[in-house]
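Notes to accompany the following structure.
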Protein chains: 2
Amino acid sequence: MIIQNLSKMERQKKIKEYLLKDPFLSDKKLAELFNFSVQTIRLDRLEMGIPEMRKRIIQVAKNTSSIDKVKSLKKEEIIGELIDIELGKNGIAILKTTKSMAFNRTGIIRSHYIFSLADSLAISIIDAEVALTGIARLSYKKPVYAGQTLVAKARVARKRSNKFLVSVHVKSNQKEVFTGKLIIFSVKDSSKKEGGINENSY
Amino acid sequence: MIIQNLSKMERQKKIKEYLLKDPFLSDKKLAELFNFSVQTIRLDRLEMGIPEMRKRIIQVAKNTSSIDKVKSLKKEEIIGELIDIELGKNGIAILKTTKSMAFNRTGIIRSHYIFSLADSLAISIIDAEVALTGIARLSYKKPVYAGQTLVAKARVARKRSNKFLVSVHVKSNQKEVFTGKLIIFSVKDSSKKEGGINENSY
DNA sequence: TTACAATTAATAGTTACTAATAATAGGTAC
DNA sequence: GTACCTATTATTAGTAACTATTAATTGTAA
């Protein structure tokens with residue numbers, strides 16, 4: 001299954017996607033897959049800041065792959081898939097909706113699935129051992145239908161002592177379907193930061 | 001000979017132990033740790049049939065990455081039990097919380113389970129074929145611990161055309177743990193429909 | 001045609017190995 | 001003492017999957 005005739009941007013986007021799905025692909029295999037030279041693939045990786053295969057594998061093994069940085073939630077506790085995170089700042093999670101999340105009759109996703117995505121992402125980005133939701137304001141903009149993929153972006157808008165105001169925007173096909181403002185309380189601080197921002201997530 | 005054999009055996013045993021704890025150790029690092037040459041470590045690994053570092057890491061990575069990243073809420077887990085309802089007016093639902101709904105570390109129930117209870121109850125008391133949550137204000141008063149039983153009471157506070165303001169109060173042991181105000185939109189009226197009781201959420 | 005981006009090639013150096021062979025230190029057996 | 005044996009260490013050649021750098025080639029648009 002060789003892919004051809006791709007623009008540079010398209011190729012880079014695809015490389016990203018492929019590596020998110022399968023971090024075990026070497027440059028050589030990618031080159032064969034996309035029918036470009038190994039050097040081109042390497043340049044692409046460099047431009048996108050994606051580390052080499054061996055480092056990616058180590059990340060996966062250590063679970064340093066963004067998910068492990070999360071202290072409040074373990075990976076099984078996160079609804080959706082966490083794809084990028086900067087602790088204390090922001091994060092992105094994706095949820096692929098299915099029929100089982102929807103009302104049978106309409107195929108519309110039940111609101112609490114969307115809230116669950118937003119809420120667990122919001123909690124994930126708090127840099128604390130224990131984080132609890134206190135107050136939330138939710139706004140559902142558009143119905144989401146089973147099969148649509150939701151992209152949630154959360155951002156710490158304000159911090160006062162142990163109180164975090166987190167805003168979450170959920171989109172499907174570039175269109176906003178949900179926004180929420182959550183006030184989250186951190187119960188314990190885990191401030192033994194080990195600087196390394198990014199490389200973990202791409 | 002015996003003494004040396006013993007030390008060799010001891011070393012190999014230790015290597016095994018070290019690698020079980022930390023599969024990321026290279027031969028070089030092991031050699032430094034045990035103060036033996038890299039070649040000796042290699043021979044030890046060979047004798048014990050332990051693969052090289054990179055292969056060990058791949059094993060670890062494949063194991064951990066096989067974990068299902070997308071965890072969704074199961075129906076039985078969120079629904080709770082609808083114990084009383086007056087369509088268009090009010091309703092009561094009960095949810096027995098379990099460990100699987102809680103943070104492992106603290107045993108505190110994840111907020112979206114409580115919201116799910118409140119939201120699906122609120123939707124179910126709306127006398128409409130399709131009801132969707134539009135806006136919600138949530139307030140978590142107290143942490144709920146796994147094992148506690150939650151009682152949710154929902155009431156239609158106001159109705160304007162297809163817009164319902166529903167307030168939900170959730171208690172555990174007579175104490176309020178959550179309140180929410182939800183604005184729910186009915187999309188179609190079901191007052192004439194047969195079996196007008198909501199399959200929507202319950 | 002020139003200019004520039006995109007792509008490919010080529011080269012040297014790295015890590016963490018495998019595989020094979022050889023050298024050395026120490027003891028044992030007769 | 002010499003032959004033998006084991007454990008250990010060293011050496012060499014070769015591998016995959018890179019990084020980093022420089023250079024050459026191809027394509028395309030002004």
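Note on naming: letters A, B, ... go to the chains in the order of the sequence lines (proteins, then strands), and numbering restarts at 1 for each one.
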>> Once salt bridge (charged side-chain N to carboxylate O under 4.0 Å, His left out) is applied, what residue pairs with a partner in residues 36-45 of chain B remain, sequence neighbours excluded?
In response: B:R11-B:D44, B:D27-B:R42, B:D27-B:R45
>> Of the listed nucleotides (D:dA10, D:dA7, C:dT8), which one gets closest to any side-chain atom of A:L43?
In response: C:dT8
>> Restricting to side-chain contact (heavy atoms from CB on, under 4.5 Å), what partner residues turn up for B:K153, sequence neighbours left out?
In response: B:I92
>> Using the side-chain hydrogen bond (donor to acceptor under 3.5 Å, both in side chains) criterion, which residues pair with B:T40? Sequence neighbours excluded.
In response: B:S37
>> Run the side-chain contact (heavy atoms from CB on, under 4.5 Å) test against B:E47 and tell me which residues pass, sequence neighbours left out.
In response: B:K8, B:Q12
>> Enumerate the ring pair (Phe, Tyr, Trp, His ring centres under 6.0 Å) contacts for residues 133-178 of chain B, please, sequence neighbours excluded, ordered by first and then second residue.
In response: B:Y140-B:F178
Just the atom pairs and distances: protein N or O near nucleotides 17-24 of chain C's N or O, under 3.5 Å.
| unit_1 | atom_1 | unit_2 | atom_2 | d |
| --- | --- | --- | --- | --- |
| C:dC17 | OP1 | B:M53 | N | 2.8 |
| C:dC17 | OP2 | B:D27 | N | 2.9 |
| C:dT18 | OP1 | B:R45 | NH1 | 3.2 |
| C:dT18 | OP1 | B:R45 | NH2 | 3.4 |
| C:dT18 | OP2 | B:R45 | NH2 | 2.9 |

Check nucleotides 23-30 of chain D against the protein and report each pair of N or O atoms closer than 3.5 Å, with its distance, or say if there are none.
none

>> Under the salt bridge (charged side-chain N to carboxylate O under 4.0 Å, His left out) definition, can you give me all pairs with a residue in residues 164-186 of chain B, not counting sequence neighbours?
In response: none
>> Holding to side-chain contact (heavy atoms from CB on, under 4.5 Å), I want the full list of residues that pass it with B:L33, two or more places apart in sequence or in another chain.
In response: B:Y18, B:L25
> Pairs counted as Watson-Crick or G-U wobble with both distances under 3.5 Å: what dot-bracket string results for DNA chain D, using | for bases tied to another strand?
Replying inline: ||||||||||||||||||||||||||||||
> For residues 17-24 of chain B, which residues have at least one heavy atom under 4.0 Å from DNA chain C?
Replying inline: none
> If you look only at pairs with a residue in residues 39-59 of chain B, which of them pass as a ring pair (Phe, Tyr, Trp, His ring centres under 6.0 Å), with sequence neighbours excluded?
Replying inline: none
>> Within the 3.5 Å criterion, strictly below it, is a donor on B:K141 or B:S139 matched to an acceptor on the partner's side chain?
In response: yes
